[in-house]
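A quick write-up on the structure given underneath.
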Amino acid sequence: DDTDRLVCRAALGDPALRGTQRDPNEGLIGRCMRGNSLEDGVEAASIGADVVVGQPPERAVVYAPLSTDGRPYGVIQVTDRLDGAPFNRRDHLLLQIMANLAALAVANVRMAETLVQQEVTARELNLAAEIQRGLLPDDRALLGERRRRRPVRAGLRAAFDEEGTL
């Protein structure tokens with residue numbers, strides 16, 4: 001997004017989370033983003049979530065940063081283990097590995113999109129240069145002699161000699 005908010009793009013278990021937004025500078029999620037480090041703790045349950053009698057209104061949560069080149073751009077959030085136990089070192093390690101793999105996948109997609117755009121731009125520039133070359137008069141017809149044509153690449157670049165010819 002072009003906003004300064006973190007937007008939940010996918011949610012397993014609680015579909016109501018999808019599309020929710022969070023401030024990347026507040027709470028555990030903010031510490032995760034600022035420190036580019038895994039954060040573990042307890043936070044309030046989702047606003048508007050169903051209240052279950054006998055269940056506390058909070059949840060265990062772990063955030064792992066999605067980052068490349070040391071700059072975080074998102075997080076993976078995991079809440080409440082199915083067995084109710086607190087998150088342990090093994091859970092943290094597994095989540096960090098998953099976050100690293102996800103970050104690499106996102107970086108690869110972004111890089112592939114950039115390469116495709118560069119190829120499209122190069123093709124368009126080459127087509128423009130070919131059209132431009134087709135519009136230029138033949139040097140032999142102008143000068144009455146055999147002279148090598150200077151290649152014109154993309155754009156409207158041309159070199160003029162002292163006589164004002166290409």
Practice problem: Would you name the heavy atoms of Cys32 and Ala64 that are closest together and state the gap between them? | Solution: SG-C, 3.8 Å

Enter the distance from [X]:[atom1] to [Y]:[atom2] here, rounded to the nearest 0.5 Å.
{"X": "Leu115", "Y": "Gln117", "atom1": "CG", "atom2": "CD", "answer": "11.0 Å"}
{"X": "Leu125", "Y": "Glu130", "atom1": "CG", "atom2": "CD", "answer": "13.0 Å"}
{"X": "Asp91", "Y": "Arg81", "atom1": "CG", "atom2": "CZ", "answer": "4.5 Å"}
{"X": "Arg31", "Y": "Asn36", "atom1": "CZ", "atom2": "CG", "answer": "14.5 Å"}
{"X": "Gln77", "Y": "Leu28", "atom1": "CD", "atom2": "CG", "answer": "9.5 Å"}
{"X": "Met111", "Y": "Leu104", "atom1": "CE", "atom2": "CG", "answer": "9.0 Å"}

Could you tell me whether the side chain of [Y] reaches within less than 4.5 Å of the side chain of [X], counting heavy atoms only?
{"X": "Thr121", "Y": "Gln118", "answer": "no"}
{"X": "Val62", "Y": "His92", "answer": "yes"}
{"X": "Phe87", "Y": "Val78", "answer": "yes"}
{"X": "Leu95", "Y": "Met98", "answer": "yes"}
{"X": "Val106", "Y": "Leu66", "answer": "no"}
{"X": "Ile131", "Y": "Leu127", "answer": "yes"}

Quiz item: Using a distance-only test with no angle check, is there a side-chain donor-acceptor pair under 3.5 angstrom linking Glu39 and Ser37?
Solution: yes

Do side-chain atoms of [X] reach the backbone of [Y] as a donor and acceptor pair under 3.5 angstrom?
{"X": "Arg34", "Y": "Asn25", "answer": "yes"}
{"X": "Arg22", "Y": "Leu6", "answer": "no"}
{"X": "Asp69", "Y": "Arg71", "answer": "no"}
{"X": "Tyr73", "Y": "Pro65", "answer": "no"}
{"X": "Asp80", "Y": "Ala60", "answer": "yes"}

Exercise. May I ask you to check whether over 12 heavy atoms, not counting those of Leu135, lie within 6.0 Å of atom CG?
Key: yes

Self-check item: Note: Arg110-Glu113 ion pair, threshold 4.0 Å (strictly below)
Solution: no

Quiz prompt | side chain to side chain contact (heavy atoms under 4.5 Å, CB included) partner of Arg90, chosen from Asn88, Leu93, Leu94 | solution = Asn88

